[in-house]
Protein chains: 2
Amino acid sequence: MDEKQAVGMFGALSQETRLKIVRMLVVAGPQGMAAGAVAEAAGVSASNVSFHLKELERVGLVTATRESRSIIYAAAYDHLAGLIRFLMEDCCAGRPEICLPATADAGCCPSPAEA
Amino acid sequence: MDEKQAVGMFGALSQETRLKIVRMLVVAGPQGMAAGAVAEAAGVSASNVSFHLKELERVGLVTATRESRSIIYAAAYDHLAGLIRFLMEDCCAGRPEICLPATADAGCCPSPAEA
DNA sequence: TTGATATTCCTATGATTATTGAAATGAAGC
DNA sequence: GCTTCATTTCAATAATCATAGGAATATCAA
């Protein structure tokens, strides 16, 4: 992950519809959702969701695979992880006590206490 | 953290200079850096760094405190953590094995293996 | 107060981006 | 081959944002 990639990804996430889409796909899991289902769930037009999905795919936040008539979009978990890692890189050099709460408890990571 | 806040934060991070600044401040730790030092390190003009620092402060990614003649900017670790949590929210509902790598190993979080 | 330093405000300009609807493409079933 | 369905492309418009330089403000030292 380099700076330009990260800027592109953050830019993709800095738009209400796209952020909503990514969060939906993150919840949807690896099986993903069809473009039409995304459009309906997000409440936007087909052409508009296509526009945004393409942008998300361009920056690497989602993947697209054709499945019969539909195109299935799924969150690119590895790239999401890379983005977070990039943002917090070297945060903890010498000071894990500061950055642990910022990274560890992202909703599912077992905290040091329970681990 | 609501959607609009998150969109604002991602928007703030979607600009090369601002992303560079945030990453510098994340590394700098809670003591932060003076605006002038940030400008020099980022290689941009004083007015430009002021513009970007203000935007970062507006969305809550950095904090500003006056210290004599200088204004010290520091990363808002709690809000950064909130942003990451918001993005990955409910990712792991039922599937921690998918989302753990995306959140746990953000550069400093002890992996389950070492914990 | 005067001078020096640090930061911010103001104004203008150029560039990028979101949105829409209609038309076009690609895939599947009859 | 024709029809239907899902998605994408195209063109035009409106809105937002980055950058620069110069003026203005605030703090400290002498």
Side-chain angles (χ1 to χ4, degrees), chain A residues 3-25 28 31-76, chain B residues 3-25 28 31-76:
Chain A
E3 197 171 71
K4 284 186 181 174
Q5 275 182 288
V7 166
M9 287 188 184
F10 283 127
L13 292 170
S14 73
Q15 207 282 332
E16 191 179 328
T17 302
R18 281 197 298 260
L19 179 55
K20 207 184 289 182
I21 291 173
V22 169
R23 300 216 314 142
M24 284 187 340
L25 293 178
Q31 80 209 28
M33 294 171 70
V38 173
E40 190 179 9
V44 299
S45 71
S47 74
N48 192 242
V49 90
S50 174
F51 172 80
H52 288 306
L53 282 171
K54 212 172 171 189
E55 173 70 5
L56 289 172
E57 191 189 5
R58 187 184 67 81
V59 302
L61 283 173
V62 309
T63 61
T65 52
R66 181 171 277 279
E67 184 119 349
S68 168
R69 292 192 204 181
S70 297
I71 295 184
I72 307 293
Y73 285 91
Chain B
E3 197 171 71
K4 284 186 181 174
Q5 275 182 289
V7 166
M9 286 189 185
F10 283 127
L13 292 171
S14 73
Q15 207 282 330
E16 192 179 328
T17 303
R18 281 197 296 260
L19 179 55
K20 207 183 288 181
I21 290 174
V22 169
R23 300 217 313 143
M24 284 187 340
L25 292 178
Q31 79 209 31
M33 294 172 70
V38 173
E40 189 179 11
V44 299
S45 70
S47 74
N48 193 240
V49 91
S50 173
F51 173 79
H52 288 306
L53 283 171
K54 211 171 172 192
E55 173 71 5
L56 289 171
E57 190 190 6
R58 188 183 68 81
V59 302
L61 283 174
V62 308
T63 61
T65 52
R66 181 171 277 277
E67 182 121 350
S68 166
R69 291 193 206 180
S70 297
I71 295 185
I72 306 295
Y73 285 91

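These values consider heavy atoms only, across backbone and side chains, with no hydrogens, waters or symmetry-generated copies. Every chain is numbered from 1 and lettered A, B, ... according to where its sequence line falls, protein lines coming before strand lines.
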The side-chain contact (heavy atoms from CB on, under 4.5 Å) partner of A/L61 among A/I21, A/L25, A/L56 is A/L56

Between A/A64 and A/I71, the two heavy atoms sitting closest are CB-CG2, 4.0 Å

Residues of residues 3-17 of chain B with a heavy atom under 4.0 Å from any atom of DNA chain C, listed by number, are none

Rounded to 10°, the helix from C/dT1-D/dA30 to C/dC30-D/dG1 deviates from straight, judged by its five-pair end axes, by 30°

Touch check for A/A34, heavy atoms < 4.0 angstrom, all strands: base, sugar-phosphate only, or nothing?
sugar-phosphate

The contact string for nucleotides 11-16 of chain C, one letter per nucleotide 5' to 3', using protein heavy atoms under 4.0 Å with B, S and - for base, sugar-phosphate only and none, comes out as ------

Atom CZ of A/R58 and atom C1' of D/dT9 are separated, to the nearest Å, by 17 Å

Readout for nucleotides 20-30 of chain D: B = base within 4.0 Å of protein heavy atom, S = sugar-phosphate only, - = neither; 5' to 3' it is -BB----BBS-

Review point. Side chains of A/Y73 and A/T63: does their closest heavy-atom pair fall under 4.5 Å?
Key: no

Q.
C/dA6, OP1 or OP2 - any side-chain N/O from B/Y73 closer than 4.0 Å?
A. no

Rounded to the nearest 0.5 angstrom, the CD-CG distance for A/E3 and B/L19 is 5.5 Å

- Item | Student check: side-chain heavy atoms of A/F51 and A/L53 closer than 4.5 Å | no

Residue pairs meeting salt bridge (Lys or Arg N to Asp or Glu O under 4.0 Å), one or both in residues 38-59 of chain B, sequence neighbours left out, come to B/E55-B/R58

Note: A/K20 and A/A42 closest approach over all heavy atoms is NZ-O, 4.0 Å

Distance col, row A/R69:CZ vs A/E67:CD, nearest 0.5 angstrom, shows 13.5 Å

Tell me whether the side-chain N/O atoms of B/K54 come closer than 4.0 Å to OP1 or OP2 in C/dT7. no

- Query: Taking only side-chain nitrogens and oxygens of A/H52, does any of them come within less than 4.0 Å of OP1 or OP2 of C/dT19?
  - Reply: yes

So A/M24 and A/V38, do their side chains get closer than 4.5 Å, heavy atoms only?
yes

**Prompt:** Base, sugar-phosphate alone, or nothing: which one does B/A46 contact when heavy atoms must sit under 4.0 Å apart?
**Reply:** base

A/M33 CE to D/dT7 C1', in whole Å, measures 15 Å

Quick one: side chains of residues 6-18 of chain A, donor-acceptor pairs under 3.5 Å with protein atoms, not counting sequence neighbours, listed by atom name and distance.
from	atom 1	to	atom 2	distance (Å)
A/S14	OG	A/G11	O	2.8
A/Q15	OE1	A/T17	N	3.0
A/Q15	OE1	A/R18	N	3.2
A/R18	NE	A/A12	O	2.7
A/R18	NH1	A/H52	ND1	3.1
A/R18	NH2	A/G11	O	3.4

Rounded to whole Å, the CD1-C1' distance (A/I71 to C/dA27) equals 10 Å

Minimal heavy-atom distance between A/A39 and A/S45, with the atoms involved, is CB-O, 4.4 Å

A/L56 CG to C/dT17 C1', in whole Å, measures 14 Å

